[in-house]
Amino acid sequence: VQLVESGGGLVQPGGSLRLSCAASGFQDSYYVVGWFRQAPGKEREAVSCITRSDGVTYYVDSVKGRFTTSRDNAKNTVYLQINSLKAEDTAVYYCAARYSFRSDGGSWCTRAGDYDYWGQGTQVTVSS
């Protein structure tokens, strides 16, 4: 299994970015993809997750309303749209994946230790 993120960069406060996570190597469609981020000097934190089969999403409270996770199954790609970027969104963003038959949204998908596969990360810097 391989996950490759892209789409990070330098953006001004209030701007938007769309991150991509291209997945390959999965044996079936029952897996979940989580987005995590790690700011300098801070621990990695969950942002959102989405089930590949049903597209059910979950967001942590701090990003609700600004972050949107979606997927394009034909492209085996998951996206993270980030709007109204703030300086505190500056971090390395990672996508991760794990096999799962669960199709319900919930905080169960935010535990980093449950994920088996990780991308290399993409840097998002919000600065004027």
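- Nearest heavy atom pair, residue V32 against residue C109, reads CG2-CB, 4.2 Å.
- There is no path of hydrophobic side-chain contacts, each under 4.5 Å, that joins W35 to Y115.
- No donor-acceptor distance shorter than 3.5 angstrom exists from the side chain of Q120 to the backbone of V4, with no hydrogens or angles considered.
- Residues L85 and Q12 are not in side-chain contact: their nearest non-hydrogen atoms beyond the backbone lie 4.5 Å or more apart.
- With rounding to the nearest 0.5 Å, the separation of CD in Q123 from CG in L10 is 9.5 Å.
- The main-chain N or O of V56 is found under 3.5 Å from a side-chain atom of T51 such that the two form a donor-acceptor pair.
- Residues that satisfy the salt bridge (charged side-chain N to carboxylate O under 4.0 Å, His left out) test with R111, not counting sequence neighbours, are D114.
- Judged by distance alone, the side chain of E5 and the main-chain N or O of C21 form no donor-acceptor pair under 3.5 Å.
- Rounded to the nearest 0.5 Å, atoms CZ (R18) and CG (L80) are 10.5 Å apart.
- Listed by first and then second residue, the ring pair (Phe, Tyr, Trp, His ring centres under 6.0 Å) pairs that reach into residues 89-109 are F26-Y99, Y30-F101, sequence neighbours excluded.
- With rounding to the nearest 0.5 Å, the separation of CG in N76 from OG in S29 is 10.0 Å.
- Interatomic distance, R98 CZ to Y31 OH, rounded to the nearest 0.5 Å: 14.0 Å.
- Here the CG-CD1 distance, from L19 to I82, works out to 4.5 Å after rounding to the nearest 0.5 Å.
- Interatomic distance, Q38 CD to T90 OG1, rounded to the nearest 0.5 Å: 14.0 Å.
- Under a hydrophobic clustering in which Ile, Leu, Val, Met, Phe, Trp and Tyr are joined whenever their side-chain heavy atoms come within less than 4.5 Å, directly or via other members, V92 and Y79 fall into different clusters.
- Residues S84 and S16 approach most closely at N-OG, 4.2 Å, considering heavy atoms.
- What you find for G106 and C49 is that their closest heavy atoms are O-SG, 4.5 Å.
- Residues V33 and L3 share a single hydrophobic cluster, defined by chaining ILVMFWY side chains whose heavy atoms lie under 4.5 Å apart.
- Both V78 and V60 belong to a common hydrophobic cluster when Ile, Leu, Val, Met, Phe, Trp and Tyr are linked at side-chain heavy-atom distances under 4.5 angstrom.
- At a threshold of 4.5 Å between side-chain heavy atoms, the hydrophobic network of Ile, Leu, Val, Met, Phe, Trp and Tyr places F67 and I50 in one connected group.
- Counting non-hydrogen atoms of neighbouring residues, nucleotides and ligands closer than 6.0 angstrom, the CD atom of E43 reaches no more than 12 such neighbours.
- Two residues are said to be in side-chain contact when any heavy atoms from C-beta on lie closer than 4.5 Å; V63 and R37 meet this criterion.
- For residues 57-69, the set of pairs meeting the side-chain hydrogen bond (donor to acceptor under 3.5 Å, both in side chains) definition, not counting sequence neighbours, comprises S48-T69, D61-K64, R66-D89.
- Formation of a donor-acceptor pair under 3.5 Å by the S100 side chain with backbone atoms of R102 is found in this model.
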